[in-house]
Amino acid sequence: MLEQVSGRETPAITRGIYTAASGMLANEQAQDAIAHNLANVNTTGYKQDIPCFSAFQSMLLQKTSQDRGQVGSLGNGGSVYKLATDYTGGALQKTNSPLDVALSGDAFLEVQTPQGIRFTRDGSMTLNAQGELVLMKSGAQVLDSSNRPISIPQNAKNITIGLDGQITADGRSVATLGLAGISSQDNAIKVGDNMVTVSQVRPASSGSQVHQGFLETANVSIVGDMVSMIAVLRAYETDQKMLQTEDEATGKAVNEVARVQ
């Protein structure tokens with residue numbers, strides 16, 4: 001059983017299997033993305049990933065008769081063509097720690113890692129043995145507005161960080177936090193450790209602020225992601241049943257139809 005598809009003949013009975021299988025793979029990828037979001041629900045400043053689905057290009061069907069008139073188009077299934085990061089701000093959680101900061105707007109902290117400068121919304125900071133301001137979890141150096149490590153004077157008792165990122169220790173200006181602006185238009189790439197990198201760095205927008213004594217929670221909705229997970233699971237099961245049905249039809253075509261002819 002053959003059909004003319006874009007000028008060539010293909011076994012029509014296998015198209016349903018391919019469509020169902022591609023749908024199962026796409027839903028599996030979406031499920032992995034949702035599970036990753038839920039696993040990071042307690043990660044400071046984490047930005048959730050949203051799977052974006054796309055249908056494979058439709059194929060043009062033609063009649064097998066001599067006039068070869070157009071029948072129409074037929075889809076080939078779908079796929080997850082990318083994971084879009086949601087840069088919506090999370091809720092602010094008060095910690096009262098002078099070295100904790102939450103960022104609002106599109107601001108990201110600039111930090112130094114062995115792989116180069118990276119950017120993060122994780123504002124949980126501490127001081128290392130050299131008195132440098134570093135991230136609590138990774139130990140990456142927090143940079144100032146000139147991309148230099150920030151050193152806090154020893155025995156400083158009163159450390160304040162202003163809304164503009166200006167750091168003062170006992171009334172003396174020390175440095176200004178290096179803040180980069182990152183949004184969905186900047187095509188940032190996640191590189192692990194709750195950090196991202198971008199090809200072109202730009203300053204944070206004028207509305208961005210630094211809130212001392214707070215941390216930003218992940219922008220993940222547990223209820224919303226659980227609902228999405230159930231929906232994806234049901235779609236996966238539907239594709240699975242479709243695959244089984246197509247497989248049974250193929251078996252009948254091979255074992256029964258051919259024998260009758």
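Along the sequence shown, the residues carry numbers beginning at 1. For clarity, every value in this text was computed on a predicted model and none was experimentally measured.
- In this structure, the side chain to side chain donor-acceptor pair (under 3.5 Å) partners of Lys190, at least two apart in sequence or on a different chain, are Asp49.
- Note on Leu179 and Ile159: same hydrophobic cluster, where clusters join Ile, Leu, Val, Met, Phe, Trp and Tyr whose side-chain heavy atoms are under 4.5 Å apart, directly or indirectly.
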* Verdict with reasoning, Leu133 to Ile167, per side-chain contact (heavy atoms from CB on, under 4.5 Å) -> CA-CA 11 Å; Leu133 199 60; Ile167 302 174; 4.1 Å; yes
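- For the 3.5 Å distance criterion, the side chains of Asn194 and Thr43 fail to qualify, holding no donor opposite an acceptor.
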In residues 106-116, what donor-acceptor pairs under 3.5 Å come from side-chain atoms, sequence neighbours left out?
from   : atom 1 : to     : atom 2 : distance (Å)
Asp106 : OD1    : Ser205 : N      : 3.0
Asp106 : OD1    : Ser205 : OG     : 3.1
Asp106 : OD1    : Ser208 : OG     : 2.9
Asp106 : OD2    : Arg202 : NH1    : 3.0
Asp106 : OD2    : Arg202 : NH2    : 3.1
Thr113 : OG1    : Gln115 : N      : 3.2
Thr113 : OG1    : Gly116 : N      : 3.3
Thr113 : OG1    : Gly116 : O      : 2.7

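- Across every non-hydrogen atom of Pro153 and Val174, the tightest pair is CD-CG2, 4.0 Å.
- For the atom pair Thr238 OG1 and Met242 CE, the distance stands at 10.5 Å (nearest 0.5 Å).
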* To do: Tell me, with the steps shown, if Thr126 and Val134 meet side-chain contact (heavy atoms from CB on, under 4.5 Å).
  => CA-CA 6 Å; Thr126 187; Val134 297; 3.8 Å; yes
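- A distance of 6.0 Å separates CG in Leu135 from CG in Asp122, rounded to the nearest 0.5 Å.
- Judged as a side chain to side chain donor-acceptor pair (under 3.5 Å), the pairs with a partner in residues 154-165 (not counting sequence neighbours) are, in order, Thr160-Thr168.
- The CD1 atom of Ile152 lies 8.5 Å from the CE atom of Met125; values are rounded to the nearest 0.5 Å.
- In terms of heavy atoms, Gln240 sits closest to Met24 at CA-SD, 3.9 Å.
- When atom types are taken as modelled, the side chain of Asp193 and the backbone of Met195 share no donor-acceptor pair closer than 3.5 angstrom.
- Closest approach of Tyr87 to Ser184, counting heavy atoms only: CD1-N, 3.5 Å.
- Rounded to the nearest 0.5 angstrom, Leu143 CG and Ile150 CD1 are separated by 7.0 Å.
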* To do: Would you sort out whether Glu132 and Leu127 count as a side-chain contact (heavy atoms from CB on, under 4.5 Å), showing the intermediate values?
  => CA-CA 5 Å; Glu132 296 174 333; Leu127 298 177; over 6 Å; no
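- Applying the side chain to side chain donor-acceptor pair (under 3.5 Å) criterion to Gln209, with sequence neighbours excluded, gives no partner residue.
- Taking both residues in full, the closest heavy atoms of Val232 and Asn27 are given as CG1-O, 3.2 Å, listed atom of the first, atom of the second, then distance.
- Scanning for side-chain contact (heavy atoms from CB on, under 4.5 Å) contacts around Ser145 gives Thr176, with sequence neighbours left out.
- Of all the heavy atoms in Leu92 and Phe214, the pair that sits closest is CB-CD2, 4.0 Å.
- Heavy-atom minimum distance, Gly23 versus Asp239: C-OD2, 3.3 Å.
- A distance of 8.0 Å separates CG in Asp100 from OG1 in Thr44, rounded to the nearest 0.5 Å.
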* Audit row: Lys137, Ser124, side-chain contact (heavy atoms from CB on, under 4.5 Å) steps and yes/no -> CA-CA 8 Å; Lys137 293 182 179 179; Ser124 179; 5.9 Å; no
Indicate every side-chain donor-acceptor pair of residues 215-227 with a distance under 3.5 Å to a residue at least two apart or in another chain.
from   : atom 1 : to     : atom 2 : distance (Å)
Glu216 : OE1    : Arg121 : NE     : 3.0
Glu216 : OE1    : Arg121 : NH2    : 3.4
Glu216 : OE2    : Lys47  : NZ     : 2.5
Glu216 : OE2    : Gly90  : N      : 2.7
Glu216 : OE2    : Arg121 : NH2    : 3.2
Thr217 : OG1    : Ala91  : N      : 3.2
Thr217 : OG1    : Ala91  : O      : 3.2
Asn219 : OD1    : Gln48  : N      : 2.9
Asn219 : ND2    : Asp86  : O      : 2.9
Asn219 : ND2    : Thr88  : O      : 3.0
Ser221 : OG     : Gly224 : N      : 3.1

